[in-house]
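Values in this document were obtained by computation on a predicted structure and should not be read as measured data.
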Amino acid sequence: QVQLVESGGGLVQAGGSLRLSCAASGRTFSSYDMGWFRQALGKEREFVAAINWSGGSTYYADSVKGRFTISRGNAKNTVYLQMNSLKFEDTAVYYCAAAVEITRATMKRPGSYDYWGQGTQVTVSS
């Protein structure tokens, strides 16, 4: 069982930065692949970024590539999402998720993940 708690969301002006954190409970955190998703009001949950268990492989949605960076600190049971050059359209509730295993074919599907956090709101003012 893994419990995930996101933090770091807030209100920021367009062009600004935020760093989201996702703290995980459980001693097996380092064995999970991790992902970040977001859901804007009235829209479906969409993939943002993913990182494999070792941190050696990262993946990004085209919409955030070059602006967002996912990383993890297994010693701290935490995964991060550094968000730079934020845009109004990045406004959403951001969720972290853990998966026993994801692949390039499955990482963008919410159903591929086994555990979810409660989400943290990110609001970008234009």
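- Note: Phe47 and Phe37 meet the aromatic proximity criterion, with ring centroids under 6.0 Å apart.
- The distance from the CD atom of Glu6 to the SG atom of Cys96 is 4.0 Å, given to the nearest 0.5 Å.
- The side-chain heavy atoms of Ser17 and Gln82, taken from C-beta on, include a pair separated by under 4.5 Å.
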- Under the side-chain contact (heavy atoms from CB on, under 4.5 Å) rule, what do Arg67 and Asp90 come out as? Steps first, then yes or no, please. CA-CA 11 Å; Arg67 300 188 298 122; Asp90 293 319; 2.8 Å; yes
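- Note: Gln118 CD to Thr120 OG1 = 7.0 Å, rounded to the nearest 0.5 Å.
- A cation-pi arrangement is absent between Arg104 and Tyr59 under the rule of less than 6.0 angstrom and at most 45 degrees off the ring axis.
- Arg19 forms a cation-pi arrangement with Tyr80, by the criterion of a distance under 6.0 Å to the ring centre and an angle within 45° of the ring axis.
- Environment of CD in Gln3: sparse, with no more than 12 heavy atoms of neighbouring residues, nucleotides or ligands closer than 6.0 Å.
- Between the CD atom of Glu101 and the CG atom of Asn52 there is a distance of 10.0 Å, given to the nearest 0.5 Å.
- When the salt bridge (Lys or Arg N to Asp or Glu O under 4.0 Å) test is applied to Lys65, the partners found at least two apart in sequence or on another chain are Asp62.
- Between the CD atom of Gln121 and the CG atom of Leu11 there is a distance of 9.5 Å, given to the nearest 0.5 Å.
- For the atom pair Lys87 NZ and Ser126 OG, the distance stands at 13.5 Å (nearest 0.5 Å).
- Counting only heavy atoms from C-beta outward, the side chains of Gln39 and Glu46 never approach each other to under 4.5 Å.
- The main-chain N or O of Ser112 is never found under 3.5 Å from a side-chain atom of Thr106 such that the two would form a donor-acceptor pair.
- Cation-pi geometry between Arg72 and Trp53 is not satisfied (NZ or CZ under 6.0 Å from the ring centre, within 45° of the ring normal).
- When hydrophobic residues (I, L, V, M, F, W, Y) are linked wherever their side-chain heavy atoms come within less than 4.5 Å, the members clustered with Ile70 are Val2, Leu4, Val12, Leu18, Leu20, Phe29, Tyr32, Met34, Trp36, Val48, Ile51, Tyr60, Val64, Phe68, Val79, Leu81, Met83, Leu86, Tyr94, Val100, Tyr115, Val122, Val124.
- Between Lys43 atom NZ and Glu89 atom CD the span is 8.5 Å, to the nearest 0.5 Å.
- Hydrophobic side-chain contacts under 4.5 Å tie Val5 to no other Ile, Leu, Val, Met, Phe, Trp or Tyr residue.
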